[in-house]
Amino acid sequence: MSNKDLRSFLKEAEAHGELARIKEHLDPKFQASAVLAKLEKEERYPACLFENVGDGAYPVVSNLFASRKRLALALGCEEPELNAVYREREDKRIEPVMVPDGPVQEVVLTGDDIDLTKFPILTHNALDAGPYVTCGASVTKDPDTGIRNIGVYRHQLHGKNKLGIHMSEASHVNYIYGKYEAQGKDMPIAITIGHHPAFYLGCLSFVPVGVDEYGVAGALMGAPLELVKCKTCDLEVPADAEIVLEGYVSATERQMEAPFGEFTTMYGGPHMYHVVTVTAITMRKMPIYLDCFSGHLDHQLLGGTGRLSVIYKTVRMACPTVKDVFMAPSGCCRMSCYVSIHKRHEGEAKNVIGAVLASDPFIKYVVVVDDDVNIFSDSAVILAIATRHHPEQDAFMIKNAKGHPLDPTAYNGYVVTKVGIDATKPLKDFPETVEVPGTDEVDLDRLLGGM
Ligand SMILES: Cc1cc2nc3c(=O)[nH]c(=O)nc-3n(C[C@H](O)[C@H](O)[C@H](O)COP(=O)(O)O)c2cc1C
Ligand SMILES: [Mn+2]
């Protein structure tokens with residue numbers, strides 16, 4: 001049994017100085033997100049607990065995922081170990097268990113009592129089409145296999161019991177929905193809003209279709225996820241969540257949705273997208289509403305962190321001495337990927353680039369560096385490019401490759417150019433990097449008197 005939920009994590013985050021409480025009254029339209037945007041301008045990324053948003057009925061948490069330090073705290077490790085811990089646990093899935101009831105069903109609202117407008121759903125960016133539910137982990141079931149699938153999809157608020165849903169062609173939910181649609185059937189869905197960040201990191205693992213992400217969530221939380229049966233559909237949701245929206249995605253209904261601030265930091269344009277009809281709201285008596293600051297670091301790191309694990313595992317097939325991989329916020333945690341390797345053979349870095357591009361279709365730039373370069377620092381990677389990279393021999397382009405439809409440079413829907421940069425130094429005849437003997441042994445606290 002896990003005792004981890006959103007509340008337990010907020011306490012932990014506060015004890016570690018990672019939580020800011022904002023007591024002032026704020027409008028859910030732009031005012032809460034303006035606080036997050038101002039913090040971002042100052043390169044400060046605390047998790048924020050807004051205690052008085054809109055009519056003040058429910059507190060709002062946002063920016064929970066906006067720092068790798070906090071993600072490491074969620075997994076109970078230090079920041080430098082975050083990727084390795086994620087990779088290790090992802091492979092040791094812990095299957096969820098059913099329990100008869102749980103806090104998330106303390107309140108059950110159905111029929112005319114359903115009113116999504118009572119939640120403090122934020123509108124983040126100037127041109128967003130309206131308020132969006134941005135931190136819902138949605139469970140659906142493959143109608144052929146009965147296997148669950150979980151992912152986070154954004155939902156524009158369309159009405160008291162109506163939400164939009166955007167199921168991109170790359171998401172498993174799109175494939176699953178296609179099966180219901182082909183039979184003219186609505187797809188049952190249940191959207192979990194508010195749980196421990198390790199739950200979300202597990203739900204966003206980049207595992208293949210047919211793998212129940214709740215098992216990865218359990219592994220990241222260190223104990224089986226406890227599930228309860230939904231009240232109005234044949235699905236299961238975490239007993240310790242804050243809020244669950246049960247319902248279905250109609251086989252036929254579509255509504256205009258977006259523009260919306262995407263992970264690229266730009267807007268995605270409006271489309272006719274699918275619609276969720278909510279058949280029940282279940283929640284705690286005093287639920288906390290969890291938001292994810294879309295188009296910003298919160299969104300980028302939440303979605304990007306799990307992907308690093310699959311990239312690393314694929315690269316390891318090409319290069320057993322890979323040290324780590326990172327998709328930096330400067331590439332919106334999706335479009336550029338840095339890899340550090342202990343190079344043993346000339347040419348190895350080029351094969352690594354191939355492996356990276358094969359593992360994640362969204363990546364556009366791959367930079368491979370030696371293992372003495374800190375891939376978590378853009379400037380260290382750029383220094384390696386400036387000093388160790390010979391563009392004529394060590395850069396290549398793949399034209400007309402499939403990228404991400406949200407890439408503003410994409411044409412014909414998805415088509416982009418991909419670039420590989422080998423910034424590893426040659427194995428022989430290359431100058432040494434400067435180094436000062438004894439650096440690691442210096443005790444700055446003692447010498448500088450705590451300055
Ligand atoms: C905050 C956030 C919002 C997201 N919104 C969407 C979305 O609207 N549509 C989508 O297809 N994927 C979206 N994603 C990405 C998916 O959640 C992610 O690719 C997930 O692994 C998909 O799961 P699936 O392939 O099992 O369906 C979002 C991710 C995050 C972190
Ligand atoms: Mn999936």
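When a residue number appears, it is its place in the shown sequence, counting from 1. Hydrogens, waters and symmetry mates play no part in the numbers below; they use all other heavy atoms, side chains included. As the structure lists them, so they are numbered: ligands from 1, and atoms in each ligand from 1.
At the shortest separation from atom 15 (C) of ligand 1 among protein heavy atoms lies V152 O, 3.8 Å. Distance from atom 11 (O) of ligand 1 to its nearest protein heavy atom, with residue and atom name: S171 OG, 2.6 Å. Residue, atom and distance of the protein heavy atom nearest to atom 27 (O) of ligand 1 are Y153 OH, 2.5 Å. Distance from atom 25 (O) of ligand 1 to its nearest protein heavy atom, with residue and atom name: H172 N, 2.7 Å. Here the heavy atom of the protein found nearest to atom 19 (O) of ligand 1 is R307 NH1, 4.1 Å. Of all protein heavy atoms, the one closest to atom 8 (O) of ligand 1 is R154 N, 3.0 Å. The protein non-hydrogen atom at the shortest distance from atom 9 (N) of ligand 1 is H166 O, 2.6 Å.
Using a cutoff of 4.0 Å between basic side-chain nitrogens and carboxylate oxygens, K23 and E51 are scored as salt-bridged. Salt bridge status for E236 with K141: present, with a side-chain N to carboxylate O gap under 4.0 Å. Salt-bridge annotation for R284 and E242: present, with a side-chain N of the basic residue lying under 4.0 Å from a carboxylate O of the acidic one. The pair E262-R334 does not count as a salt bridge, with every side-chain nitrogen at least 4.0 angstrom from each carboxylate oxygen. Using a 4.0 Å cut-off between charged side-chain N and carboxylate O, K229 and D234 make a salt bridge. Salt-bridge annotation for R254 and E181: present, with a side-chain N of the basic residue lying under 4.0 Å from a carboxylate O of the acidic one.
Under a 4.0 Å criterion applied to the non-hydrogen atoms of G303, ligand 1 contributes the atoms 31 (C). Taking a cut-off of under 4.0 Å to the non-hydrogen atoms of L302, the atoms of ligand 1 that pass are 31 (C). The ligand atoms of ligand 1 that sit less than 4.0 angstrom from a heavy atom of G151 are 23 (O). The atoms of ligand 1 that sit less than 4.0 Å from any heavy atom of T134 are 1 (C). For ligand 1, the atoms sitting less than 4.0 Å from at least one non-hydrogen atom of C292 are 1 (C), numbered in the order shown with element in parentheses.
Here Y132 and H166 keep their ring centres 6.0 angstrom or further from each other.
The backbone N or O of G164 sits less than 3.5 Å from a side-chain atom of H155, completing a donor-acceptor pair.
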Inset, instruction - For S336 and K364, run side-chain hydrogen bond (donor to acceptor under 3.5 Å, both in side chains): C-alpha distance rounded to whole Å, both residues' side-chain angles, the deciding distance at 0.1 Å, then the answer. - result: CA-CA 6 Å; S336 45; K364 236 168 95 179; over 6 Å; no
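Closest to the Mn ion (ligand 2) among the N, O or S atoms of E213 is OE2. Within H172, the N, O or S atom lying nearest to the Mn ion (ligand 2) carries the name ND1.
When the options H299, E262, Q300, E257 are ranked by their closest heavy atom to atom 2 (C) of ligand 1, first place goes to H299. Of the listed options L204, L301, N149, N149 places a heavy atom closest to atom 26 (O) of ligand 1.
Contact annotation: H155 has no heavy atom less than 4.0 Å from any atom of ligand 1.
Ring geometry for F326 against F376 counts as tilted: the plane angle lies between 30° and 60°, on a 0 to 90° scale. Aromatic ring orientation, H271 versus Y273: tilted (interplanar angle from 30° to 60°).
Using a cut-off of 2.8 Å, one finds that N149 contributes an N/O/S atom close to the Mn ion (ligand 2).
Side-chain atoms of R44 and N63 form no donor-acceptor pair, as typed in the model, at a separation below 3.5 Å.
Only backbone heavy atoms of I150 (N, CA, C or O) come within less than 4.0 Å of ligand 1; its side chain stays farther off.
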